Amino acid sequence: MLDPKLLRGDLDGVAAKLARRGYVLDITTLESLEEQRKAIQVETQALQAERNSRSKSIGKAKAAGEDIAPLLQEVEGLGDQLKTKEAELAKLQDELHGLLMGIPNIPQDDVPDGKGEEDNPEIRAWGERPVFDFAPKDHVDLGEALGQLDFETAAKLTGSRFSVIHGPLARLHRALIQFMLDTHTQQHGYREVYVPYLVNADSLRGTGQLPKFEEDLFRMTDEAGYYLIPTAEVPVTNLVRDSIIEADDLPLCYTAHTPCFRSEAGSYGKDTRGMIRQHQFEKVEMVQLVRPEDSAAALEALTGHAEAILQQLELPYRVVALCTGDIGFSAARTYDLEVWLPGQQKYREISSCSNFEAFQARRMQARWRNPDTGKPELLHTINGSGLAVGRTLVAIMENCQQADGSIRVPVALQRYMGDTTLISKL
RNA sequence: GGAGAGGUGGCUGAGUGGUCGAAAGCGGCGGUCUUGAAAACCGUUGAGGGGAAACCCUCCCAGGGUUCGAAUCCCUGCCUCUCCGCCA
């Protein structure tokens with residue numbers, strides 16, 4: 001959510017900045033609602049003040065043993081009048097709040113302009129793309145030939161966009177999770193957390209998935225109506241919802257492994273082959289809660305932490321800056337890490353690292369106590385994948401494949417695999 | 001699932017339908033004392049919003065209700081704790 005004060009003070013300026021990301025701000029509606037709100041709020045508060053002072057004098061008169069009947073007559077009708085105004089005000093405020101919740105974040109000034117994915121500039125690239133003296137296969141062909149990746153059975157068990165993994169490949173998948181968590185906790189200063197995989201609507205509103213993107217989520221149909229998390233970002237960031245953090249405790253750096261569930265509505269026909277786009281996948285997430293002045297540096301650091309995983313796994317990748325047309329709803333700035341996939345001859349997203357500034361914090365009422373002012377102020381939130389586990393598995397399979405279809409285990413993972421160095425046919 | 005007890009500021013915890021946005025303690029901040037610190041003492045200290053301002057409004061888990069007036073009374077929901085049952 002944007003700062004309502006900013007919207008009141010500089011609506012045209014905000015509209016211009018949002019236009020960069022292709023969002024048209026409905027200035028007319030906002031202005032007229034805001035005007036009504038102001039008028040009705042002033043009236044309502046005047047009525048409330050009158051009720052309060054009259055009630056107070058009734059109390060005093062009663063205590064003094066005076067006759068309060070005439071005083072009671074004076075306030076007759078005031079209650080109903082007040083109730084009507086209060087209801088009117090509440091309706092307006094709901095409407096305004098609803099509009100506000102649907103407005104995306106303002107991109108930072110130096111986020112590059114662009115319409116979509118194709119306009120994202122490359123910031124840097126790392127590693128050598130492997131050269132094969134044979135035609136490299138993609139992970140589906142490799143996995144099925146190894147007898148360790150099975151999409152058909154997954155489709156029988158559930159439906160499309162699920163997978164079954166067997167044997168050493170399943171172990172590699174698990175090893176990746178341990179490796180990532182250990183690296184972030186032991187080398188990058190994060191605290192590991194275990195969190196619920198089902199969350200309530202308030203949490204999803206806090207991080208910005210609701211109200212706009214409900215169709216991307218899986219929702220339970222029972223009375224509670226919980227949602228399966230689409231990313232650990234939701235439960236982990238919401239750890240600090242409705243709380244005030246002491247300055248000394250900042251920054252808070254959390255890492256968590258969770259499964260993620262996405263309906264992938266609207267991506268029909270896209271990435272239907274293999275493990276790239278699944279309804280269920282594992283991810284290790286990093287979340288930082290920082291002082292506002294630290295958020296820009298924190299995003300750079302966190303992006304580096306995600307890169308460190310790729311580097312230790314010796315996977316070639318590049319970093320792109322998302323342009324204004326591709327940046328997510330809640331983000332003010334985002335870097336995507338894209339890993340090289342020989343099977344597709346393409347770079348594919350494997351991590352997305354964003355600075356949300358106060359956008360999520362305002363929705364969550366996540367604050368810290370600023371020692372300079374003594375007042376609670378909004379935190380900044382940062383998060384990024386470190387990394388998407390399924391896609392990392394894909395990247396290892398495709399980059400470390402051998403002519404005979406076996407997969408070399410990256411050195412960094414061998415100790416998590418009982419010193420296995422090669423994955424071969426079962 | 002059954003029975004009971006509770007939800008009050010950053011934390012602990014009082015609170016009779018009427019100067020209660022709320023005692024007290026802890027913590028925080030400022031000061032006195034001290035070479036410095038600790039201790040002691042004194043003072044100060046909830047959040048959000050409206051208004052140009054004076055000032056005003058809202059908030060005691062949430063939502064309804066009763067009342068001139070609700071932290072306090074009534075209803076519903078949520079959450080926490082204790083006991084019993086069941087259970088990985």
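All of these numbers come straight from a predicted model, not from anything done at the bench.
- If you look at A/His305 and A/Tyr190, their ring centroids are closer than 6.0 Å.
- A/Glu43 has its CD atom 14 Å from the C1' atom of B/C57, to the nearest Å.
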I'd like a table of atom pairs between the protein and nucleotides 60-66 of chain B - only N or O on both sides, under 3.5 Å - with the distance next to each one.
none

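- Across B/G13 and B/C56, the matching C1' atoms stand 31 Å from one another, rounded to whole Å.
- A/Pro376 comes within 4.0 angstrom of the backbone, heavy atoms only, and of no base.
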Please tabulate the protein-to-nucleotide N/O contacts below 3.5 Å involving nucleotides 70-78 of chain B, giving atom names and distances.
none

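- The phosphate of B/G69 (OP1 or OP2) has no side-chain N or O of A/Asn52 nearer than 4.0 angstrom.
- We find that A/Asp326 and A/Arg21 are not joined by a salt bridge, their nearest charged nitrogen and carboxylate oxygen being 4.0 Å or further apart.
- The base-pairing partner of B/C29, taking Watson-Crick or G-U wobble contacts with both distances under 3.5 Å, is B/G43.
- Put simply, CG on A/Leu172 and CD on A/Gln148 are 9.5 Å apart, with the number rounded to the nearest 0.5 Å.
- Aromatic rings of A/Tyr227 and A/Phe261 (six-membered ring for Trp) have centroids beyond the 6.0 Å cut-off, not under it.
- Of the candidate nucleotides B/G51, B/C57, B/G10, B/G51 has the atom nearest to the side chain of A/Lys38.
- In summary, A/Asp202 and A/Arg205 engage in a salt bridge, as defined by a charged side-chain N under 4.0 Å from a carboxylate O.
- A distance of 6.0 Å separates CG in A/Leu217 from CG in A/Leu210, rounded to the nearest 0.5 Å.
- Atoms CD (A/Glu86) and C1' (B/G50) sit 15 Å apart, rounded to a whole Å.
- Nucleotides B/C29 and B/A39 have their P atoms positioned 12 Å apart, rounded to a whole Å.
- B/G7 and B/A71 have their C1' atoms separated by 12 Å, given to the nearest Å.
- Comparing B/A14 with B/U72, their C1' atoms are spaced 13 Å from each other, to the whole Å.
- Checking B/G51 for Watson-Crick or G-U wobble geometry (two distances, each under 3.5 Å) identifies no partner in any strand.
- Here B/U58 presents its P atom at 16 Å from CZ of A/Arg37, a figure rounded to the nearest Å.
- For A/Gln48, whose side chain is taken as the heavy atoms from C-beta onward, the closest listed nucleotide among B/C68, B/U58, B/A47 is B/U58.
- Pairing for B/U72 is absent, judged as Watson-Crick or G-U wobble with the two contacts each under 3.5 Å.
- Base pairing analysis places B/C83 opposite B/G2; the two distances defining the Watson-Crick or G-U wobble pair are each below 3.5 Å.
- Taking atom CZ of residue A/Arg362 and atom C1' of nucleotide B/G48, one finds them 13 Å apart after rounding to whole Å.
- A side chain to side chain contact (heavy atoms under 4.5 Å, CB included) with A/Leu89 is found for exactly one of A/Ile40, A/Asp94, A/Val42, namely A/Ile40.
- Atom-to-atom, CD1 of A/Ile244 to C1' of B/A47 comes out at 7 Å; the value is rounded to the nearest Å.
- Taking the six-membered ring wherever Trp is involved, the centroid distance between the rings of A/Phe213 and A/Phe329 falls below 6.0 Å.
- Contact annotation: A/Arg367 side-chain N/O to B/G10 OP1/OP2 distance is not under 4.0 Å.
- Of the options A/Glu398, A/Arg391, A/Gln401, A/Glu144, a side-chain hydrogen bond (donor to acceptor under 3.5 Å, both in side chains) to A/His139 is made by A/Glu398 and by none of the others.
- The CD atom of A/Glu285 sits 10.0 Å away from the CG atom of A/Leu387 when rounded to the nearest 0.5 Å.
- Across B/G43 and B/G49, the matching P atoms stand 32 Å from one another, rounded to whole Å.
- Comparing B/U67 with B/C57, their P atoms are spaced 23 Å from each other, to the whole Å.
- For A/Phe218 and A/His279, the gap between ring centers is short of 6.0 Å.
- Nearest-nucleotide positions on RNA chain B place A/Lys375 closer to the 5' end than the other of A/Lys375 and A/Ala49.
- Only the C1' atoms considered, B/U66 is 11 Å distant from B/G17, to the nearest whole Å.
- With hydrogens and angles ignored, the 3.5 Å screen pairs no side-chain donor or acceptor of A/Asn238 with any backbone N or O of A/Arg241.
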Exercise for the section: Verify side chain to side chain donor-acceptor pair (under 3.5 Å) between A/Gln187 and A/Gln312, making sure each step is shown before the conclusion. Expected result: CA-CA 12 Å; A/Gln187 295 174 25; A/Gln312 290 180 44; 3.3 Å; yes
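- Atom CG of A/Asp3 is separated from atom P of B/G48 by 12 Å (rounded to the nearest Å).
- Counting only distance, with no hydrogens or angles, the side chain of A/Thr237 and the backbone of A/Val234 share no donor-acceptor pair below 3.5 Å.
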Protein N or O to nucleotides 18-20 of chain B N or O, pairs below 3.5 Å:
| from | atom 1 | to | atom 2 | distance (Å) |
| --- | --- | --- | --- | --- |
| B/G18 | O6 | A/Lys62 | NZ | 3.0 |
| B/G18 | N2 | A/Ser55 | O | 2.6 |

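- Heavy-atom nearest nucleotides on RNA chain B were determined for A/Leu72 and for A/Gln41, and the one closer to the 5' end corresponds to A/Gln41.
- With both pairing distances under 3.5 Å, B/G21 is matched to nothing as a Watson-Crick or G-U wobble pair.
- For the pair A/Asp249 CG and B/G28 P, the interatomic distance rounds to 13 Å; values are reported in whole Å.
- The nearest whole Å value for the distance from the CD atom in A/Glu50 to the P atom in B/U58 is 13 Å.
- For the C1' atoms, the distance linking B/G4 with B/C59 amounts to 31 Å, nearest Å.
- Looking at the side chain of A/Lys5, the nearest of the listed nucleotides B/C56, B/A47, B/G50 is B/G50.
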